[in-house]
Amino acid sequence: MEKNLLGYLLKALDDAEEQEVRNRLAADPVARHQLQVLRRALEPLEADATPPQPPRDLWIRALGRVAEQHCRSLPTAPTLPVNRAVPRPSWWRRADVLVAASILVFVSTLVPPGLLYLGEQNARTLCQQNLRLFHQALTVYADHHDGNLPKVEAHPPFNFAGAFVPMLIEEQLLDDPSARLTCPSARKRPERLLTRAEVQDLQQRHPEEYARLVAQAAGSYAYCLGYRNERGQLIGLRREPDSDGLPVLADCPPFTDGMPCSLYENSANHHSKGQNVLFLGGHVNFCTHRSVGRQGDDIFLSRRGRVEAGHHLWDTVLGASNARPIAEVEQE
Amino acid sequence: MPFAESINSCPDEELLARFRNGQTEAFGVLVRRYEQELYGYLRRYLGDADLAEDVFQNTFLQVYSKCNQYEPGRPVRPWLYTIATHQAIDALRRQGRHQALSLDQTLSEEADGEVRSLVELLEHRGPGPLDTVQGDERRDLVRASVERLPDFLRQVVLLAYYQGLKYREIAEVLDIPVGTVKSRLHAALIKLHESWAAAPSLREA
């Protein structure tokens, strides 16, 4: 009976049991006394009755995680000989994208105050997906090039940050590259994607068109300009045991024409609240400030505060599409 | 009634049915509806905010994956708690914190003759440290003593007292008979009152 009295106090009994207890209480003063004692037994638990509050927007992050988990199909990096065709990574199926989008987008209609925030979170998540898929393409490229990632050259025509795109296209490592190069939040989509041969041809025969297309080759993203060694040689990134924490690709910086407008401003892709950064090891973080390179290095500027190749391996500089590792005046 | 209002007022079972039929926004409503309740349960059960957040997200990953295993017509709430509890146990196991239920514990709780009376314990108990503290200190003492309970007892206290589930629902969540739920709750309260009456060990919490 004692256990059912407890259940009665906690409203944990079925209807029939509860009625049975009520009947007993009405008829039995001992039961009523026991009920009072048991009520006191439960009182101390009331001290911790306030439920823990969830972190802000936990439910949105949970939805984002569901969408991320269920709406990507990640191919394993193929290990094929160089002279064989590289299998294309499989990307999101349209149905999966629609499922993810409908979960996230429609929920936003139920929460007017959180609509904008939900949209921003969705864009960040999809942008991170783009970067993770780039990592796969870069990994396969490095597998075929002795561990070297696409390198921005010191001299024309491939001396611009966006030059990594024609290199990946040439090896058929990007499926639907135009979409992959577009941050969902920024919608800065490349007008035309160039092969290496087209880049060379344009630079020689149509320099103005070359300059225009170079400026948009990398779409919404910025790529590593490499660094200069002690002899002044331009070196690209390569996979090394200690290099997982090096930034490789990120939302493009808030610069125009390669000139910094602020030392602290974030990428405009996500309303200047931060930028997604892909690190060489494959992880992607949304960083609310730019000093996320090694030893707090600013990922958009060299240690001299310029858009140029870094001065050593840890001096990462991620440049927008038309950023050059070495200034043209210096080249001359 | 506008669509947003209508889906928000759907009972849990209808939300899940709509989701199974392809109305994916119903899933989002369900997640939001259970955000506070399930997080609160997991936070208490796991004793760690970050772990609770992780398990909360994993819970709904499982709900999304296993929605086809849900039997239409069954109450959704206990089903969600079942998944959440399993995910929490897995998380504790990965951390090496989960206590497997021993056979002795199972036997002792089923032997009616060995179950002490909570009423008798309380009637003969003198004042203890818990009676002399108030506010945050009292809350912390109570919380610590609940966290020190063995898993199999802590589960029923959290589900019955703090989460307000019925015995039948708790039995379903933990996959044990209703009688065992009652016995474990009874045993848990005895243990708690014994710990609250023991001055030195309580202070050490």
Side-chain angles (χ1 to χ4, degrees), chain A residues 1-7 9-15 17-18 30 33-38 40-55 57-70 98-112 114 118, chain B residues 3-4 7-8 24-25 27-29 31-32 34-37 39-41 43-44 49 52-53 56-61 63-65 117-119 121-123 130 134-135 138-143 145-146 157 160-162 164-170 179 181-183 185-186 189 192-193 196:
Chain A
M1 186 59 191
E2 203 171 277
K3 295 171 188 174
N4 275 355
L5 287 175
L6 266 177
L9 286 169
L10 294 171
K11 299 182 174 45
L13 299 176
D14 286 341
D15 293 345
E17 281 179 319
E18 185 166 327
V30 173
H33 168 71
Q34 288 177 333
L35 188 74
Q36 296 306 315
V37 175
L38 291 172
R40 289 202 302 275
L42 293 174
E43 276 174 4
L45 294 174
E46 182 65 25
D48 193 24
T50 304
Q53 290 301 307
D57 298 319
L58 170 61
W59 69 281
I60 293 177
R61 289 196 293 284
L63 288 179
R65 187 152 166 191
V66 170
E68 184 184 6
Q69 188 72 25
H70 287 277
L98 287 174
V99 167
S102 67
I103 290 173
L104 292 172
V105 172
F106 194 87
V107 168
S108 71
T109 68
L110 305 174
V111 188
L118 185 63
Chain B
F3 178 79
I7 195 171
N8 259 332
T24 50
E25 56 273 15
F27 181 78
V29 175
V31 176
R32 186 150 203 243
Y34 276 91
E35 179 191 45
Q36 176 155 348
E37 180 177 343
Y39 175 82
Y41 166 60
R43 177 67 181 84
R44 281 200 171 104
E53 173 166 352
F56 177 89
Q57 295 186 21
N58 283 342
T59 297
F60 281 99
L61 268 175
V63 170
Y64 188 94
S65 309
S117 166
L118 181 55
V119 172
L121 173 69
L122 291 169
E123 283 180 330
L130 199 65
Q134 297 295 327
R138 185 180 175 88
R139 178 203 65 204
D140 292 344
L141 283 173
V142 168
R143 185 178 294 175
S145 56
V146 171
V157 171
Y161 184 86
Y162 290 110
L165 268 68
K166 292 191 179 297
Y167 281 161
R168 174 178 39 80
E169 293 173 326
I170 298 171
V181 174
K182 296 178 183 179
S183 298
L185 180 63
H186 190 264
L189 285 173
L192 285 172
H193 277 276
W196 290 334

Max heavy-atom pair count under 4.5 Å with chain B, selected residue of A:Leu9, A:Val37, A:Leu58, A:Thr50: A:Leu58
By ring-ring contact (aromatic ring centres under 6.0 Å, His included) - contacts of B:Tyr39 (at least two apart): none
Distance-only polar pair, side chains of B:Tyr41 and B:Gln36, donor-acceptor under 3.5 Å: no
Per-residue contact mode, B:Leu165 against chain A (heavy atom under 4.5 angstrom): backbone
Aromatic centroids of B:Phe60 and B:Phe56 separated by under 6.0 Å: yes
Greatest number of heavy atom pairs closer than 4.5 Å to chain A - which of B:Arg143, B:Glu169, B:Glu37: B:Arg143
Which portion of A:Leu42 sits near chain B, non-hydrogen atoms under 4.5 angstrom: both
Under 4.5 Å from any heavy atom of chain A - which part of B:Tyr162: side chain
Salt bridge (charged side-chain N to carboxylate O under 4.0 Å, His left out) partners of B:Arg168, counting only residues at least two apart: A:Asp14
Engaged part of B:Ile170 at the chain A interface, taking heavy atoms whose separation is under 4.5 Å: neither
Distance-only side-chain donor-acceptor flag, B:Asn58 / A:Arg65, under 3.5 Å: yes
SB check A:Glu17 B:Lys182 (cutoff 4.0 Å): yes
B:Val146, part contacting chain A, at a heavy-atom distance under 4.5 Å: side chain
